[in-house]
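Below is one structure; the comments refer to it alone.
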Amino acid sequence: MRKGEVTRETVLREALAQASRVGLRGITIGSLADSLEMSKSGLFAHFRSKEALQEAVLDHAAQAFGRLVVQPALQQPRGEPRLRAVFERWLGWDGDADYAQPGGCIFITVTTEFDDEPDSPVRDHIVRTQRDLLDSIETMVRAGVADGHFREDTDAGQVAHELYGIVLAHHFAARMMRDPEASARTHAAFEHLLATIRS
């Protein structure tokens with residue numbers, strides 16, 4: 001990569017780490033410049049506005065999630081192995097895996113940050129990203145149905161909805177409540193979900 005691309009990548013990595021803890025509104029060009037020991041003007045040249053920075057962070061996060069969570073899952077056989085892999089990788093993304101962010105899943109952070117906000121380019125960006133994720137899960141479930149792993153009457157949208165709910169519950173239990181049973185309860189919920197859709 002060229003020097004400018006390397007600098008942009010470094011900035012986005014740091015911005016994503018900060019946003020996972022303080023949300024998109026909590027990151028500023030000033031705070032990033034300080035933490036990276038860059039000038040504000042140098043950093044501003046890469047993004048031009050706070051909104052552009054926020055959208056770039058969302059794109060960076062989505063690419064990282066795809067690379068670290070979805071793509072490894074797609075290497076597994078279709079059906080239950082693939083759905084299980086995306087679940088485990090997603091928990092790692094929100095937890096203590098070596099690819100996790102310090103504040104956990106950035107998408108959970110920004111969803112609670114922007115859920116009741118008026119429509120805006122940043123909120124629309126978040127919604128698109130989350131719809132893409134739900135669509136990916138639904139596709140995995142439908143493939144499992146087609147291959148006979150899951151029941152023919154399985155509602156792929158409902159499975160995606162429940163799986164997201166399990167991850168949200170884990171985030172709450174593990175991070176907010178610091179419940180030592182969070183992982184066990186989360187895995188039990190996932191196994192129950194699988195049991196309801198197996199052929």
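Just so it is clear, the structure is predicted and the values come from calculations on it, not from any experiment.
In this structure, the separation between CG on L36 and CD on E14 is 5.0 Å, given to the nearest 0.5 Å. Here the CG atom belonging to L163 is positioned 10.0 Å from the CG atom belonging to L168, to the nearest 0.5 angstrom. The NE2 atom of H171 lies 12.0 Å from the OG1 atom of T186; values are rounded to the nearest 0.5 Å. Note: L58 CG to R123 CZ = 12.5 Å, rounded to the nearest 0.5 Å. The distance from atom CD1 of I27 to atom CD of Q54, rounded to the nearest 0.5 Å, is 6.0 Å. Between the OG1 atom in T129 and the CD atom in Q63 there is a gap of 10.0 Å [rounded to 0.5 Å].
Within a 6.0 Å radius of CD in E191, other residues, nucleotides and ligands contribute more than 12 heavy atoms. Within a 6.0 Å radius of CG in D96, no more than 12 heavy atoms belonging to other residues, nucleotides or ligands are found.
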- [ ] Apply salt bridge (charged side-chain N to carboxylate O under 4.0 Å, His left out) to R84 and E80, showing your working.
- [x] CA-CA 6 Å; R84 185 178 297 278; E80 185 173 323; 3.0 Å; yes
Open item on the list: Test side-chain contact (heavy atoms from CB on, under 4.5 Å) on M140 and V70; report intermediate values, then the result.
Closed with: CA-CA 10 Å; M140 291 180 189; V70 177; 4.3 Å; yes
- [ ] May I have the step-by-step check of side-chain contact (heavy atoms from CB on, under 4.5 Å) for V159 and E138, ending in yes or no?
- [x] CA-CA 7 Å; V159 174; E138 288 184 37; over 6 Å; no
TODO: Applying side-chain contact (heavy atoms from CB on, under 4.5 Å), run through I137 and L83 and close with a yes or a no.
DONE: CA-CA 8 Å; I137 296 169; L83 194 61; 4.1 Å; yes
Open item on the list: I'd like to know whether H170 forms a side-chain contact (heavy atoms from CB on, under 4.5 Å) with H187, so could you lay out the CA-CA distance, the side-chain angles of the two residues, the decisive distance to 0.1 Å, and finally the verdict.
Closed with: CA-CA 9 Å; H170 177 266; H187 282 85; over 6 Å; no
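In terms of modelled atom types and a separation under 3.5 Å, the side chain of Y99 and the main chain of R89 share a donor-acceptor contact. Of the possible donor and acceptor atoms, one in the side chain of R151 sits under 3.5 Å from a partner among the backbone N and O of T196.
The shortest side-chain heavy-atom distance between Q101 and R21 does not fall under the 4.5 Å cut-off. Taking 4.5 Å as the limit, every side-chain heavy atom of F172 sits out of range of all side-chain heavy atoms of D179. With a 4.5 Å cut-off on side-chain heavy atoms, T10 and M38 do not count as touching. With a 4.5 Å cut-off on side-chain heavy atoms, D94 and R175 count as touching. When side chains are defined from C-beta on, I29 does not count as touching K50, because their heavy atoms never get closer than 4.5 Å.
For Q130, the side chain to side chain contact (heavy atoms under 4.5 Å, CB included) partners at least two apart in sequence or on another chain are F107, T111, I126, L133, Y164. Here F190 pairs with F87 under the ring-ring contact (aromatic ring centres under 6.0 Å, His included) rule; sequence neighbours left out.
In plain terms, the two heavy atoms of H46 and R8 that are nearest each other are O-NH1, 3.1 Å. Across all non-hydrogen atoms, the minimal contact from L193 to E162 is CD1-OE1, 3.3 Å. Across all their heavy atoms, V57 and A15 have their closest contact at CG2-CB, 3.6 Å. Contact detail for S199 and G148: the closest heavy-atom pair is OG-O, 2.8 Å. The nearest pair of heavy atoms linking T109 to A19 is CG2-O, 3.6 Å. Nearest heavy atom pair, residue P72 against residue L68, reads CG-O, 3.5 Å.
Counting only residues at least two apart or on different chains, no ring-ring contact (aromatic ring centres under 6.0 Å, His included) pair has a member in residues 109-155.
The hydrophobic clustering, which links ILVMFWY residues whose side-chain heavy atoms are closer than 4.5 Å, places V110 and V127 apart.
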